[in-house]
Each structure stands twice: as C-alpha cells, then as structure tokens.
Participant: 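Below: one structure in structure tokens.
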Amino acid sequence: MRRSTKLAAVVLSGSLGIASLAACGAKSTDDTSAGASGTAGASGIKVGMAYDIGGRGDQSFNDSAARGLDKAKADLGVQVTEADAKTGEAESDKETRLKSLVTGGYNPIIAVGFVYQDAVEKVAKENPNVKFAIIDSASSTQPANVTSLTFSEQEGSYLAGVAAANKSKTKHVGFIGGVQSELIKKFEAGYKAGVKSVDPAIAVETTYLTTPPDFTGFSSPDKGKEAAQGQLDKGADVIYAAAGSSGSGSIEAVANKAGTWAIGVDSDQASQPALAKYKAAILTSMVKNVDTSVYTYIKSIKDGSPLTGVKNFDLKAEGVSLATTGGHIDDIKAKLDAATTAITSGATTVPTAP
C-alpha cells in the first residue's frame, strides 16, 4: 500500500532529453544494457513503472511491486525506469509522469495503485500502441491496451482476522485503513469476517486515516501511530493496518505496548529492515504478492502472449497469503489451514464490503 526520492536523469532515446523524465521523478535502474543511445536491455523491452505515494522504500505496497520489477530485470533482461509520485500531487502530475515514460520509449508502463486509473485511461487512449498495466484497479471503460492486475485482498485479510481472533486476549481487535476507498474496504470486510468466524462476540475497532481526495493516509506514519494508540487505549490487543507506509506508525505504537500484536500488510513487514526492531510485535502480515503480478505481466510480454483484460490473483493462485516470519502463528496453523481450504474450495465466500 505506499520514501520518495528525487531521482537522477535517465539516458533516453529520441527527442525527450534528460530533463523531461527526470522532472517527473524517474530514474533508470538499468546500469548494464543501456548505452548512450538509450537502447533497451537484452530482451529489447523497456519497462516503466510509476509508483504510488511512498515509492520504493515504503516497506509495503510499492516495495512489493519493486521486487517484481527487480526480478524481471534480473531474470528477463529488461531495462527499467521508475518514477515516484508526490504527496498532494494533482491528477495532471500523474498524466505528465505517464506521458514522459511514453515519450521515453517505455513499453509496457506499469502504474502502481488505483489512484492512477483516470490518468492511465487517458494516456492509454492517446497511445494505443503502448501497453499499460494498472495494479489494484479495473474499469469497464479502460482501453484494450490496459491490463488490470487485481487481488482478492479480502481472502488474505480473512485469514488475518482468523489469526487476530485466535490470538486476542481481550476479545477486542482493531483495523486501520489508510484511505477510506472501495479497495481498502475489501481489507476491512475480509478481516472482520475472519474475526467473526472465530468468535462473533469479539469487538472490532475501525479507523480510517483519510478520505479521498486526501491520500496522505497511505504515507503518514504519524497518523497511523496516533490511530493505533487510540485503539490500544480502548482495549484492542491485535491491530491490522492496511495503510501503506502509515502502517509503520501503527506497528511502532503496538510494539511499545507489551502484550499486543500488530498485523502487517502487502509485504512481510517483519522481514523489512526498517521495521526489524519491531519484528517481535508483528504477529503476521497479509502478504499481497504484487511482485508476482508485476513479474508475470512483464514475462507475458517477453513471451509474446501479453496478459489482457483483468487478471486477478486470489488465495488459490497464491496472490495473497499470510507471512510466517517469527513463528508467531505456528500454533494456530491447523485453524488457518482449515480456513484456507474453506475459501479455496468455495465453501466460504469472503465479503468484499463491510
């Protein structure tokens, strides 16, 4: 879900020039195959990735996408360039970022996050020969050259709820959403359903940090910390935050109170270097394998059979899962396995709205 660094200029072909793409916050991470002419890597493919707020280094959503990009570069020989978003930016900034990648000869272009939906649709229509992918969004109006990479977040969140309910001593747990959007409501719905499947009497606190068009809820650790502290004060002893880098603040608050647990999101947050000092307090993380979707999409293009339409990664396809780092959920493995089987077999249908 979401360290923005101002990035160095990339070597580009054509008339773009160095300043244009650098101005949109882009950098080339290809240091071996792009010469002065800006030619593509060994595969002949140049991939542009436009991050959501927080960018590479958010320990969560963007970092998961970055891992997929890194794997594609290493395994498939593609040249890659990354572009960061800015907190509080206008819709026109997103369009400019995508257009700069197009002008730079990047094809495909991957937009990380539903906030790019309108910009992707507009720029894709203007550039029908360029392939685009957008993570976490699917629209009935998007052009044929746009592929949606989506996930069944509610299914992984259900398992997080089962884990929370089984570990709670106070019978009181919490959910923190970064931005009150349809996407994050899927996390909330699945989590609550998982909790209630174990014990309907368990109380679930819910807090959203911001509402659209304010998306700072994905990049404000101070807000995450304050929200988590409020839930802890009310008696919650397990808190699941689906809030990008804001979740690190939630994890910090939980780690400062003995006997409580944090549940991370998107990446295995207990294994993230920036959160290592809190790992003993991270029960598990609902891992959303964005890296898998990014790599799969890029590979499909290299193989000559590009994914099109909507490609959903669910629990059965291992698009979502629970992290086991630290061994904190080993004792409830049988219960989690049973819940997993119920979902993948179709016996349990997880709601997508609270």
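Remember, predicted model here, so these are calculated numbers, not experimental data.
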Participant: Please list all pairs passing the salt bridge (charged side-chain N to carboxylate O under 4.0 Å, His left out) test where one or both residues lie in residues 227-252, with sequence neighbours left out.
Facilitator: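 Residue pairs with at least one partner in residues 227-252: E205-K234, K225-E252.
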Participant: Please write out which residues are connected to I239 in a hydrophobic cluster, directly or through intermediates, given that two of Ile, Leu, Val, Met, Phe, Trp, Tyr count as joined at side-chain heavy-atom separations below 4.5 angstrom.
Facilitator: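 The other cluster members (ILVMFWY side chains, heavy atoms under 4.5 Å, direct or chained) are I176, L209, L232, V254.
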Participant: With sequence neighbours excluded, what pairs up with N145 under the side-chain contact (heavy atoms from CB on, under 4.5 Å) test?
Facilitator: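 Per chain and number, N145 pairs via side-chain contact (heavy atoms from CB on, under 4.5 Å) with A124, F132, P143.
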Participant: Mind jotting down which residue pairs meet the salt bridge (charged side-chain N to carboxylate O under 4.0 Å, His left out) criterion with at least one end in residues 269-284? Sequence neighbours excluded, please.
Facilitator: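 As it turns out, there is no salt bridge (charged side-chain N to carboxylate O under 4.0 Å, His left out) pair with a partner in residues 269-284 once direct neighbours are skipped.
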Participant: Got a sec, which residues hit salt bridge (Lys or Arg N to Asp or Glu O under 4.0 Å) with K196, two or more places apart in sequence or on another chain?
Facilitator: none
Participant: How would you list all residue pairs meeting salt bridge (charged side-chain N to carboxylate O under 4.0 Å, His left out) that involve residues 177-189, not counting sequence neighbours?
Facilitator: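 The answer is E153-K186, E182-K185, E188-K192.
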Participant: Not counting sequence neighbours, which residues clear salt bridge (Lys or Arg N to Asp or Glu O under 4.0 Å) with D199? List them please.
Facilitator: none
Participant: Taking the six-membered ring of F313, is NZ or CZ of K311 closer than 6.0 Å to its centre and within 45° of its axis?
Facilitator: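 Because its charged atom sits under 6.0 Å from the ring centre and within 45° of the axis, K311 does stack over F313.
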Participant: When you compare the side chains of D266 and S64, does any donor N or O come within less than 3.5 Å of an acceptor on the partner?
Facilitator: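 There is no such pair (donor and acceptor under 3.5 Å, judged by atom type) between the side chains of D266 and S64.
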Participant: So, using side chain to side chain donor-acceptor pair (under 3.5 Å) as the criterion, who are the partners of T210 when residues are at least two apart?
Facilitator: none
Participant: Pairs in or reaching into residues 331-342: which pass side-chain hydrogen bond (donor to acceptor under 3.5 Å, both in side chains), with residues at least two apart or in two chains?
Facilitator: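 Checked against side-chain hydrogen bond (donor to acceptor under 3.5 Å, both in side chains) - neighbours excluded - the pairs reaching residues 331-342 are N166-K335, K167-D331, K333-D337.
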Participant: Show me the donor-acceptor pairs within less than 3.5 Å that the side chains of residues 346-354 make with the rest of the protein, sequence neighbours left out.
Facilitator:
none

Participant: Going by salt bridge (Lys or Arg N to Asp or Glu O under 4.0 Å), name the residues that satisfy it together with K257, two or more places apart in sequence or in a different chain.
Facilitator: none
Participant: Could you name each residue pair satisfying salt bridge (charged side-chain N to carboxylate O under 4.0 Å, His left out) that touches residues 238-250, not counting sequence neighbours?
Facilitator: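 Listed by first then second residue: nothing to list.
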